[in-house]
Amino acid sequence: MSLFVPFNNPKFITLAQMIYRIQFEKDPLLSKEFDDRRKRLMYADITYNISFLFTAVRFQDEKIFKEYAKWFHELLISLMKDFSKERVTAIIVEHFRIMKTVIEEEGSSILSQQEISTASSYLLSAVDAVVEQREDDFSESGFLHGDHLEIRQAYLQALLEGETEKAEEIIEQAKNSGITLLDIYEHILAKTMHEIGVLWHRNIISVDKEHYATSVTQTVMSHYYEEIFSRPRKNKVLVSLAVGSELHEMGIRMLSDIFEHEGWDTHYLGAGVSFEKVMEAIRLYKPQLVALSVTMPLYLPHCEEMVRGIKEAYPELLVAVGGQGFECSSTLWRDWGADYCGKKAMDLLKWAEYPCKS
């Protein structure tokens, strides 16, 4: 079973609505605590929770859902500041237990009996992970570690204060000081944008501020396109894209720029690209490497189908995958037939220049 169950599938909707209804029945206080907006958000969360669970079940990988559950717990604690941490934890634990009961009793229209048993087991593990999670277990961005910390801090501050020109000047000064463009991309821009995501996740900045920071950083990157595209060519071609309806394209765009800077001809297809369009691009551009990025594990099934389809049609074509979606499951890509999986663009570049099985 593929477990590709879209949010608008009637069977999926039935499960989500049942979980939503039972949660309020078992915890009447929620009706008083949650206004209409929070109730709508709660239903949306339920659909995502089911989808992440189904993704984990599909790949028989408990860690996918367990790590998601911890992330979800941390996010709600950050967003629901008017609730005690104990109350938030209790709501989530009860929610996962209700999910377990509903899936066991009503999930046979979507899942096999073995998949239902697996889902139940993963939900129990998620409950344990949430209950045991301490505040000092919450995500660490690594922003304060590594090279060029002062420049990163200054750039982050300019973004948070909405000072576009200052942000651009900071990066320009870094470039003029002798810091390579590749270092600027990987050690300043990429790490700062990751920190921006962490700040949003912890409800310290709004999503509007996150979008602003992304827009400014894209503009900063565009200032260096003349240099990037004027470098000597190596007669090697990269096709890159973000898999599924990903909104987080910054990482794969940076990777494409780095490859272009190092002499590759790159074709970034964007996000939400169909398999047919990817295959059309491969036929047209004849790449040596296709790079696929997944931020949300929710899109791992899409990535699997794309990798398998590409390798079936072009067995010798190198296919690399990466992104935060693979941090919860580091071995799936091998089963799909992909040739490489990694976190850093420069590591992939070095591998692609002298490819070998990882």
Side-chain angles (χ1 to χ4, degrees), residues 71 74-75 78-79 138-231 240 242 246-262 266 268 270-271 291 293 295-296 322-325 327 342-350:
W71 176 89
E74 179 184 349
L75 176 63
S78 296
L79 293 176
F138 288 177
S139 62
E140 167 59 47
S141 70
F143 182 75
L144 297 178
H145 307 291
D147 298 333
H148 315 306
L149 174 59
E150 290 186 5
I151 298 173
R152 273 203 311 277
Q153 289 177 318
Y155 183 63
L156 176 63
Q157 191 64 30
L159 293 177
L160 295 179
E161 293 177 357
E163 297 182 351
T164 303
E165 290 185 8
K166 184 176 179 180
E168 294 178 359
E169 288 173 2
I170 289 167
I171 302 304
E172 184 65 22
Q173 289 171 5
K175 184 71 168 59
N176 292 338
S177 73
I179 300 175
T180 68
L181 187 60
L182 299 183
D183 267 358
I184 288 173
Y185 264 57
E186 284 227 315
H187 299 298
I188 298 175
L189 299 182
K191 292 192 75 168
T192 300
M193 290 308 301
H194 182 65
E195 180 69 6
I196 287 286
V198 170
L199 293 176
W200 169 81
H201 176 67
R202 293 176 176 167
N203 201 31
I204 296 172
I205 64 172
S206 67
V207 68
D208 291 342
K209 182 66 73 174
E210 182 190 27
H211 291 168
Y212 164 78
T214 299
S215 177
V216 171
T217 300
Q218 289 173 340
T219 300
V220 167
M221 291 163 58
S222 71
H223 291 170
Y224 303 102
Y225 284 171
E226 183 176 353
E227 174 185 343
I228 289 171
F229 287 93
S230 64
R231 302 267 293 182
S240 60
E246 285 280 15
L247 299 177
H248 304 89
E249 301 180 53
M250 183 65 71
I252 192 68
R253 290 186 62 173
M254 285 186 178
L255 180 143
S256 301
D257 283 0
I258 287 172
F259 269 73
E260 189 77 40
H261 182 271
E262 293 303 293
T266 66
Y268 173 59
S293 174
T295 301
M296 301 291 283
Q324 293 180 24
E327 292 183 5
K343 296 181 180 179
K344 295 183 178 181
M346 286 303 299
D347 290 343
L348 173 57
L349 178 65
K350 292 175 184 176

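- Within the model, atoms OG1 of Thr192 and CD of Gln153 stand 9.5 Å from one another, a figure rounded to the nearest 0.5 Å.
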### Derivation and outcome, side chain to side chain contact (heavy atoms under 4.5 Å, CB included), residues His194 and Gln324
CA-CA 11 Å; His194 182 65; Gln324 293 180 24; 3.5 Å; yes
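- Using a distance-only test at 3.5 Å, with no hydrogens or angles considered, no donor-acceptor pair links the side chain of Tyr268 to the main chain of Ile252.
- The CG atom of Leu79 lies 13.0 Å from the CZ atom of Arg202; values are rounded to the nearest 0.5 Å.
- Counting heavy atoms from C-beta on, the side chains of Asp257 and Tyr224 never come closer than 4.5 Å.
- Using modelled atom types, one side-chain atom of Arg231 and one backbone atom of His261 make a donor-acceptor pair closer than 3.5 Å.
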### Task
List the steps, then state whether side chain to side chain contact (heavy atoms under 4.5 Å, CB included) holds for Ser222 with Tyr225.
CA-CA 5 Å; Ser222 71; Tyr225 284 171; 3.9 Å; yes
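- With rounding to the nearest 0.5 Å, the separation of CD in Glu172 from CD1 in Ile170 is 12.0 Å.
- Of the possible donor and acceptor atoms, none in the side chain of Glu249 sits under 3.5 Å from a partner among the backbone N and O of Ala242.
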### Query
Checking side chain to side chain contact (heavy atoms under 4.5 Å, CB included) for the pair Met254/Thr217: CA distance, chi angles, key distance, verdict?
CA-CA 10 Å; Met254 285 186 178; Thr217 300; 4.1 Å; yes
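- Checking side-chain atoms of Glu260 against main-chain N and O of Thr266 turns up a donor-acceptor pair under 3.5 Å.
- A donor-acceptor pair under 3.5 Å is absent between the side-chain atoms of Lys191 and the main chain of Leu149, judged by distance alone.
- The minimum heavy-atom distance linking Ser256 with Ser240 is given by the pair OG-OG, 2.6 Å.
- Across all non-hydrogen atoms, the minimal contact from Ile258 to Ala345 is CD1-CB, 3.7 Å.
- Arg152 and His145 get closest at one heavy-atom pair: NH2-O, 3.0 Å.
- Atom CD of Glu150 has 12 or fewer heavy atoms from other residues, nucleotides or ligands within 6.0 Å.
- None of Glu210, His211, Lys209, Met250 except one satisfies the side chain to side chain contact (heavy atoms under 4.5 Å, CB included) rule with Ile196; the exception is Glu210.
- Counting all heavy atoms, side chain and backbone alike, Leu159 lies closest to Tyr212 at O-CE2, 3.2 Å.
- Nearest heavy-atom pair across Trp200 and Ile205 is N-CG1, 3.5 Å.
- Side-chain atoms of Lys175 and His223, non-hydrogen and from C-beta on, never get closer than 4.5 Å to each other.
- Checking Asp183, Ile179, Ile184, Leu156 one by one against Ile151, the side chain to side chain contact (heavy atoms under 4.5 Å, CB included) holds for a single residue, Ile179.
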### Task
Begin from the C-alpha positions of Met346 and Tyr185 and carry the test side chain to side chain contact (heavy atoms under 4.5 Å, CB included) through to its verdict.
CA-CA 10 Å; Met346 286 303 299; Tyr185 264 57; over 6 Å; no
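- To the nearest 0.5 Å, atoms CD (Glu186) and NE2 (His148) are separated by 11.0 Å.
- Pairing each heavy atom of Ile188 with each of Ala174, the nearest pair is CD1-CB, 4.5 Å.
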